Undergrad: 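First, the structure itself, so that you have it in front of you.
Chain naming here is simple, since letters A, B, ... match the order of the sequence lines and numbering starts at 1 in each. Predicted model only: the values in this text are computed from it and were never measured.
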Amino acid sequence: MSAVRVRFAPSPTGNVHIGNIRAAIFNWLFARHEDGTFLLRVEDTDRERSTPEAIANLLSVMEWLGLGYDEQPLYQSTQEKEHLAAARQLIDAGKAYLSAKNEEGRQAVIFRIPWDTAECPAVSSAGPATIQVHPDVPVQIVANGVNYAQVSKKGKPIPAAACLAGFKDLEILDESNHCIFRLNNHIAGVLDNDRSFEVDNAAQFRFTRRQVHFHDLVKGTLAKPLDSMKDLVIVRSDSSPVFHLANVCDDSTQGITHIIRGDDHVENTYRHILLYYALGKTPPTYAHLPMIVNDQGKPYSKRDGDAFVGDFRDKGYLPHALFNYLTLLGWSPGDDREKLSREELIQLFSLERVQSAAARMDLKKLDNLNGQYMAELPFDEFLNTCRTFAETCDWFDADAMDTDYFASVAELLHTRTKRFTDVCEWDYFFREIPDYDEKACGKFFKKLEVRAALTDLAVSLKNLSTFTPETIERAVHAATEKHDIKHGKLNQPLRVAVTGRTTGAGIYETIALLGPRRTETRITHASNTYFGEI
RNA sequence: GCGCCUAUCGUCUAGUGGUUAGGACACAAGGUUUUCAUCCUUGUAACCGGAGUUCGAUUCUCCGUAGGCGUGCCA
């Protein structure tokens, strides 16, 4: 086992989303490829929204997809003491401070983006910088940062704020370029919260820009200037730890070496890295995955019901088909292979090959892949799952069901089933009279000779001594010749007369399965109902 | 507004400083199947725009454009 330790850290607040589970899959694949450890951490600190049902759903979805985790899952709610201790540590070290009191007289804990970055190798200088400032709005320099107004293109003031650390060596200049304030002269007092300043008539900031940077395994080297960051709340005034703190603490205690997550977290990463160093830890390696978007190219929202993993299971997809399809969203093995076994995926997976643009779900392609997996499913397994899905269909009658007959239907349709929900369309095998596609009836029952041939067939099929695909084929052939119909031109009318529809398995096999009685009844029904007047 | 990220057929993607820019899904045509589906063959279809570097740019750089993410006492 290698030193690699990764985790999937969902918050159990409802159904598991497809984008989430894709992150889980990539973590799992990376861990297995590296012979490392894959952990589950349940971020259940949102007590209002985290429910036992959601946790059960999460666990069942992971099991369904075969995403086995190593070690016991860590429930974040059990770590609150550790989180608060970390906050205490930061306060004691002067790296975090308390907010102003709220109405109830309580205070939040705020992490200060560090002014002194000596111990933080992720911060580097980006050279001198200037920002235009609107003179109408006084610049405030206080313990929790700098408040000022930028100048819009139209010359209007736009409120802005950033952490103190963003403005190393800050000089504030007035409109005639005179320096009217030097932060370095006052920084100690400001940080200690003894001093604060309000500077009028400021026109420009001149300072040394510093930035946090890290190397992302997917996106390369990324950086963010400190003057676009603000100090952040790490413990709310009700004493509950905030995501950023909890996340960093737990990743640290779980010994996570690689954080693989959606790229909506890129911006958080800069803050997390700063937190790691402030806590005396070294941050892990990061890899940010592109988002999965809906067929409109938009981010999935709660309204995209299709996006829950459980829905794919309910819609009759095979877990490995979904798994395989999801690996192809934002990743490829580098050659033309697409249908890949789990072993192949483990062997081939690498974060370096992950795409950085968002990927769209293509349900058609998923269907195709699912059909491929479906076709090679062992028949017993196929049959059992068909049975489960059939039970949800309105035509299914558990008491009256002939299991051998059901199995024969399943066998006949096995290779043409793309999803298990297709089973519901097998209704024409089980109803006495199926629903008829009237448009198809109009089209295929038009010719007189076809009607006559079908009427003949109702009788000749009924009188067959043995009722097999071969004998049926001969009977159809005979009727075709007798009524001077071209080869094969009776098959579709016959199919419509017997099944009500234009597609299905081979028609002889279908009729053989239905049996002589039902066949005759249906042809007669079709004749009476749809042949109409001459 | 500001910061960051992204951009190859309709979709998922491969790929390269010089290629007939490859594959898959979808779509279309033909073939096999006396029928349906499968299957086989073929076809339609892409380097976001503009500059620059270069003998040569889809590939490198810059500027646009479009989209995404972030800018919370949400996660």
Undergrad: Would you measure the distance from the P atom in B:C39 across to the matching atom in B:G67 and give it in whole Å?
TA: 39 Å
Undergrad: What contact category does A:Leu328 fall into here, base, sugar-phosphate, or nothing, at under 4.0 angstrom with non-hydrogen atoms?
TA: sugar-phosphate
Undergrad: Rounded to whole angstrom units, what separation is found between the CG atom of A:Leu494 and the C1' atom of B:U34?
TA: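 Interatomic distance, CG of A:Leu494 to C1' of B:U34: 13 Å.
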Undergrad: If we take the C1' atom in both B:U35 and B:U41, what is their distance in whole Å?
TA: 22 Å
Undergrad: Need to verify one output field. Residue with the more 5' nearest nucleotide on RNA chain B, A:Ala108 or A:Arg353?
TA: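 First, find each residue's nearest nucleotide; the 5'-ward one identifies A:Arg353.
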Undergrad: Which part of the nucleic acid, if any, lies within contact of A:Leu232, taking any heavy atom under 4.0 Å across all strands shown: a base, the sugar-phosphate backbone alone, or nothing?
TA: nothing
Undergrad: Work out which heavy atom in A:Asn27 is nearest to a heavy atom in A:Ile260; give both atom names and the distance.
TA: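 Where A:Asn27 meets A:Ile260 most closely, the heavy atoms are ND2-O, 2.9 Å.
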Undergrad: Please report the distance separating the C1' of B:U42 from the corresponding atom of B:U61, rounded so that it comes out in whole Å.
TA: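 Going atom to atom, C1' in each nucleotide, I get 42 Å.
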Undergrad: Kindly state each residue pair satisfying salt bridge (charged side-chain N to carboxylate O under 4.0 Å, His left out) with at least one member in residues 355-372 of chain A, sequence neighbours excluded.
TA: A:Glu338-A:Lys365, A:Asp367-A:Arg419
Undergrad: A:Leu369 CG to B:A26 C1': how many Å, rounded?
TA: 14 Å
Undergrad: Atom CG of A:Leu226 and atom C1' of B:G3: how far apart are they, to the nearest Å?
TA: 12 Å
Undergrad: Would A:Lys339 count as a cation-pi partner of A:Tyr373, with NZ or CZ less than 6.0 Å from the six-membered ring centre and within 45° of the ring normal?
TA: yes
Undergrad: Taking 4.0 Å as the cut-off, does a side-chain nitrogen or oxygen of A:Ser152 come that near to OP1 or OP2 on B:G1?
TA: no
Undergrad: Please work out if A:Asn268 contacts a base, only the sugar-phosphate, or nothing of the nucleic acid, heavy-atom cut-off 4.0 Å.
TA: base
Undergrad: Mind checking A:Ala357 for me? I need base, sugar-phosphate or nothing, with any heavy atom below 4.0 Å counting as a touch.
TA: sugar-phosphate
Undergrad: Rounding to an integer number of Å, can you tell me how far A:Lys230 NZ sits from B:G70 C1'?
TA: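 It is 12 Å, rounded to the nearest whole Å.
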Undergrad: A:Gln492 side chain N/O closer than 4.0 Å to the phosphate oxygens (OP1, OP2) of B:U34?
TA: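 Indeed not, no polar side-chain atom of A:Gln492 lies that close.
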Undergrad: Among residues at least two apart in sequence or on other chains, which ones pass side chain to side chain contact (heavy atoms under 4.5 Å, CB included) with A:Lys224?
TA: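 By the side chain to side chain contact (heavy atoms under 4.5 Å, CB included) rule, A:Lys224 matches A:Ser228, A:Met229, A:Glu267, A:Tyr270.
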Undergrad: Taking only nitrogen or oxygen atoms into account, show me every contact under 3.5 Å that the protein makes with nucleotides 62-68 of chain B, one pair per line with its distance.
TA:
from	atom 1	to	atom 2	distance (Å)
B:G68	OP1	A:Lys298	NZ	3.2

Undergrad: When you measure from every atom of RNA chain B, which of residues 411-427 of chain A have a heavy atom less than 4.0 Å away?
TA: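 Of all residues in residues 411-427 of chain A, the ones placing a heavy atom under 4.0 Å from RNA chain B are A:Arg416.
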Undergrad: If I take atom CZ in residue A:Arg495 and atom C1' in nucleotide B:U34, what distance separates them, rounded to the nearest angstrom?
TA: 13 Å
Undergrad: Does a donor on one side chain and an acceptor on the other come within less than 3.5 Å for A:Arg41 and A:Gln254?
TA: yes
Undergrad: Counting only heavy atoms not in A:Glu438, do more than 12 fall under 6.0 Å of its CD?
TA: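 No, CD of A:Glu438 has 12 or fewer neighbouring heavy atoms, counting only those of other groups under 6.0 Å.
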Undergrad: For A:Trp331 and for A:Gly506, find the nucleotide of RNA chain B with the closest heavy atom, then tell me which residue's nucleotide is more 5'.
TA: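 In this pair, the answer is A:Trp331.
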Undergrad: For A:Phe205 and A:Val146, run side-chain contact (heavy atoms from CB on, under 4.5 Å): C-alpha distance rounded to whole Å, both residues' side-chain angles, the deciding distance at 0.1 Å, then the answer.
TA: CA-CA 11 Å; A:Phe205 286 174; A:Val146 179; 4.0 Å; yes
Undergrad: Tell me what A:Gly504 touches on the nucleic acid: a base, only sugar-phosphate, or nothing, going by heavy atoms under 4.0 Å.
TA: base
Undergrad: Using a heavy-atom cut-off of under 4.0 Å over every strand shown, decide if A:His288 touches base, sugar-phosphate, or nothing.
TA: nothing
Undergrad: Might you point out which heavy atoms bring A:Gly330 and A:Pro290 nearest each other, and give the distance in Å?
TA: CA-CG, 4.4 Å
Undergrad: For residues 236-254 of chain A, which residues have at least one heavy atom under 4.0 Å from RNA chain B?
TA: A:Arg236, A:Ser237, A:Val242, A:Phe243, A:His244
Undergrad: Can you name the closest pair of heavy atoms from A:Leu222 and A:Val266 and give their distance?
TA: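 Closest approach of A:Leu222 to A:Val266, heavy atoms only: CD1-CG1, 4.0 Å.
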Undergrad: Dump every N/O contact between nucleotides 21-25 of chain B and the protein below 3.5 Å, one line per pair.
TA:
from	atom 1	to	atom 2	distance (Å)
B:G23	N2	A:Glu338	OE2	3.1
B:A24	O2'	A:Glu338	OE1	2.6
B:A24	O2'	A:Lys365	NZ	3.3
B:A24	N3	A:Lys365	NZ	2.9
B:C25	O3'	A:Asn368	ND2	3.4
B:C25	O2'	A:Lys365	N	3.2

Undergrad: Determine whether the side chains of A:Asn491 and A:Tyr508 contain a donor N or O and an acceptor N or O closer than 3.5 Å.
TA: yes
Undergrad: Pick base, sugar-phosphate or nothing for A:Ala160, based on heavy-atom distances below 4.0 Å to the nucleic acid.
TA: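 No contact.
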Undergrad: What's the verdict on side-chain contact (heavy atoms from CB on, under 4.5 Å) for A:Leu351 and A:Trp331, showing C-alpha distance, side-chain angles and the deciding distance?
TA: CA-CA 8 Å; A:Leu351 290 169; A:Trp331 177 84; over 6 Å; no
Undergrad: Does atom CG of A:Asp484 have more than 12 heavy-atom neighbours from other groups under 6.0 Å away?
TA: no
Undergrad: Identify whether any heavy atom of A:Gly262 sits under 4.0 Å from a base atom; if not, whether one sits that close to sugar-phosphate; answer base, sugar-phosphate or nothing.
TA: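 If one applies the 4.0 Å heavy-atom cut-off, A:Gly262 turns out to touch nothing in the nucleic acid.
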Undergrad: Passes ring pair (Phe, Tyr, Trp, His ring centres under 6.0 Å), A:His487 versus A:His477? Steps please.
TA: CA-CA 8 Å; A:His487 279 302; A:His477 200 80; 5.2 Å; yes
Undergrad: Roughly, in whole Å, what's the span from CG in A:Asp216 to P in B:C4?
TA: 16 Å
Undergrad: Rounded to the Å, how far apart are A:Tyr325 OH and B:A26 C1'?
TA: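 One finds 12 Å between C1' of B:A26 and OH of A:Tyr325, rounded.
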Undergrad: Would you please test A:Ile113 and A:Leu232 for side-chain contact (heavy atoms from CB on, under 4.5 Å) and show each step?
TA: CA-CA 8 Å; A:Ile113 306 296; A:Leu232 58 140; 4.0 Å; yes
Undergrad: Calculate the interatomic distance between A:Asp437 atom CG and B:C36 atom P; express it in whole Å.
TA: 15 Å
Undergrad: Is the NZ or CZ atom of A:Arg209 positioned over A:Phe207's six-membered ring, under 6.0 angstrom from the centre and within 45° of the axis?
TA: no
Undergrad: Side chains of A:Thr499 and A:Arg495 only: does a donor on one sit below 3.5 Å from an acceptor on the other?
TA: no
